[in-house]
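Everything on this sheet refers to the single structure shown next.
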Amino acid sequence: MCNFFAQPDALAYGKTPEELAAANVPSALIPHRTFKGNRPSLSILLPELSAYTVGQLLACYEHRIAVQVRSLLSFAPPYFP
């Protein structure tokens with residue numbers, strides 16, 4: 001569970017070479033562990049995995065796709081239906 005909660009933070013903030021050097025990471029590994037932050041991520045923690053919660057996940061995904069399509073169509077020329 002620690003990795004589950006740590007990964008969104010890592011993707012949001014990233015790691016700089018200075019932070020890794022301060023954490024005593026070997027200098028040969030610093031280029032491989034350096035990455036930029038500001039990457040979106042979505043983590044969902046469910047109390048149980050049932051047909052109802054899977055349906056909720058599908059509804060969330062459908063809504064997300066519909067909003068993305070609607071935002072794309074707002075830039076379309078007016079002759080589109």
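In this text the structure is predicted, and so the values were computed from the model without any measurement.
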_Leu42-Leu57 co-clustered via ILVMFWY side chain contacts under 4.5 Å_ = yes
*In this structure, are over 12 heavy atoms from other groups packed under 6.0 Å from Tyr13 atom OH?*
no
*Any side-chain heavy-atom pair from Ile44 and Gln56 closer than 4.5 angstrom?*
no
*Return the minimal non-hydrogen interatomic distance between Thr53 and Glu48, and the atom names on each side.*
OG1-O, 3.2 Å
*Indicate the atoms forming the closest heavy-atom contact of Lys15 with Thr34, along with that distance.*
O-CG2, 3.3 Å
*Quick one: name the residues clustered hydrophobically with Phe4, using the 4.5 Å side-chain heavy-atom rule over I, L, V, M, F, W, Y, and just say none if it's on its own.*
Met1, Phe5, Leu45
_Leu20 reachable from Leu29 in the ILVMFWY side-chain graph, under 4.5 Å edges_ = yes
_Run the side-chain hydrogen bond (donor to acceptor under 3.5 Å, both in side chains) test against Gln7 and tell me which residues pass, sequence neighbours left out._
none
*Are Val54 and Leu46 grouped together when hydrophobic residues (ILVMFWY) are joined by side-chain heavy atoms under 4.5 angstrom apart?*
yes
